[in-house]
Protein chains: 2
Amino acid sequence: MTDQKVLTAPHPLGQEELRQSIELLFFAYRDFTAEADAILAEYGFGRAHHRVIYFVGRHAGITVSDLLDILRITKQSLGRVLGQLVLDGFIVQRPGLRDRRQRLLELTEKGAALERRLTGRQADSIARACAEAGPHAVDGFRSVLLGLVHDGDRVRFTRRPERNGGE
Amino acid sequence: MTDQKVLTAPHPLGQEELRQSIELLFFAYRDFTAEADAILAEYGFGRAHHRVIYFVGRHAGITVSDLLDILRITKQSLGRVLGQLVLDGFIVQRPGLRDRRQRLLELTEKGAALERRLTGRQADSIARACAEAGPHAVDGFRSVLLGLVHDGDRVRFTRRPERNGGE
DNA sequence: CAAAGCATGTCAACATGACTGACCAAAAAG
DNA sequence: CTTTTTGGTCAGTCATGTTGACATGCTTTG
């Protein structure tokens, strides 16, 4: 019969290839996040808690405002999950020195342990997928994803993400 | 032989690369879905409606059960959004002939128009990102994503997705 | 300095879209 | 013909997003 290997894109990408890419993104994200969700459920947490733990771990001392810029949710939504994480001892807040309104966020050791567990699991998933696809595929994977990220956030991937000045 | 770093990869992807990949997936998915969300908001719909419209468009005559297998949500969750879409005239249900309990789902012309609008917008996003990254990157993008998809669903991308036998 | 305005974060009320449990109807199994 | 399985629905709850009103503290200005 005719072809059945649909996974090679000859040219500027036809309708079918684009549809498959849309679906791949949906299925991949669904399954990728399901891994961590299972762990989070043990703690009574959801995906929102995961995102907070991850980015606080990544940027120790981050302010609530900066976290909001990353997550693109409202202060109120963040406030709820953040409050739970603080109550449960996964995150500590300390007031900013330069600006006492701020609550600079940090993981506790307990929080850092959970973060390592979650990130480790997800890193394993990606590492396995990358290994299967070959090291060469990884560059393509990353550059297409980067093209999907809105301009304002691309800088996160082109320079060092660490920059915790003042406090 | 027998060393541990012999497994062919030039660099097995370090911690930092893996973290960046995790974040890329988060940011790319966030921005990718935001495009369609804006359109959906005009109709008073959410992301759940989008997924239903998309997969019903993709598999005309699909049953509720098969749709549930794709979406991995509960019948009850699907029922609500599906009910709205039927009420608003975006989807029609017709009873199965072989099994009268089934409600085979199809888009109306109105539903198909919305589906084209949503998919077109998302296809443009991906096409642009792929064009920027180069046609070569696209293969890598797709094969890594495919590696993240759980086994049971990979078959959707290796053979023709159409197969509406019975009715 | 005091008042105005802006920035940071909180509280209250609400909407969406997941979930579980109880249920009905039709088909399949005995 | 009963019982079990399958396909789908109704009611209620939970998680997590939203907007609006607000307290506090920094900054700017008369």
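Residue numbers begin at 1 in each chain, while the letters A, B, ... track the order of the sequences.
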Quiz prompt | Under-4.0 Å salt bridge between Arg121(A) and Asp124(A) | solution = no

Quiz item: What is the distance from NZ of Lys75(A) to P of dT24(D), rounded to the nearest Å?
Solution: 15 Å

Quiz item: Within the pair Thr63(A) and dT8(C), is there a side-chain N or O less than 4.0 Å away from OP1 or OP2?
Solution: no

Self-check item: dG21(C) base / Gln76(B) side chain donor-acceptor hit below 3.5 Å
Solution: yes

Practice problem: Using atom CZ of Arg100(B) as one end and atom C1' of dG8(D) as the other, report the distance to the nearest whole Å. | Solution: 15 Å

Exercise. Tell me whether the OP1 or OP2 atom of dT16(D) has a side-chain N or O from His49(A) closer than 4.0 Å.
Key: yes

Quiz prompt | Pair Arg154(A) + Asp31(B), salt bridge at N-O below 4.0 Å | solution = no

Self-check item: Separation of atom CD1 in Ile73(B) from atom P in dT16(C), rounded to whole Å
Solution: 16 Å

Practice problem: May I ask you to decide if the ring planes of Phe32(B) and Tyr29(B) are parallel, tilted or perpendicular, using 30° and 60° as cut-offs? | Solution: tilted

Quiz item: Are OP1 or OP2 of dG17(C) and a side-chain N or O of Ser77(B) less than 4.0 angstrom apart?
Solution: no

Practice problem: Give Gly46(B) one of three labels, base, sugar-phosphate or nothing, depending on what nucleic acid heavy atoms sit under 4.0 Å from its own. | Solution: sugar-phosphate

Practice problem: Write down the distance between CG (Leu97(B)) and P (dG7(D)), rounded to a whole number of angstrom. | Solution: 16 Å

Self-check item: Length of the line joining Gln84(A):CD and dA15(D):P, which is rounded to integer Å
Solution: 8 Å

Quiz item: Is the base of dG17(D) touched by the side chain of Arg80(A) through a donor-acceptor pair closer than 3.5 angstrom?
Solution: yes

Quiz item: Looking at dC11(C), dT9(D), dA7(C), which one has an atom nearest to any side-chain atom of Arg101(A)?
Solution: dA7(C)

Self-check item: Ring centroid separation Phe90(B) to Phe45(B) under 6.0 Å
Solution: yes

Quiz item: Could you state the CZ-C1' distance from Arg72(B) to dC19(C), rounded to the nearest angstrom?
Solution: 17 Å

Quiz item: Ion pair present between Glu115(B) and Arg19(A), side-chain N to carboxylate O less than 4.0 angstrom?
Solution: yes

Quiz item: Quick one: Leu68(B) CG to dG17(C) P, roughly how many Å, whole number?
Solution: 16 Å

Exercise. Return the value, rounded to whole Å, for the distance between atom CG of Leu105(A) and atom C1' of dT8(C).
Key: 12 Å

Quiz item: Can you check whether Ser65(A) has a side-chain N or O nearer than 4.0 Å to OP1 or OP2 of dG9(C)?
Solution: yes

Practice problem: Please determine, for the side chain of Val81(B), which listed nucleotide (dG17(C), dG7(D), dT8(C)) has the closest atom? | Solution: dG17(C)

Quiz prompt | Asp99(B) side-chain proximity, nearest of dG25(D), dA18(C), dA27(C) | solution = dA27(C)

Practice problem: Side chain of Arg103(A) only, please: which of dT9(D), dT10(C), dG8(D) is the nearest? | Solution: dT10(C)

Exercise. Output yes when at least one side-chain N/O atom of Thr74(B) is less than 4.0 Å from OP1 or OP2 of dC19(C), else no.
Key: yes

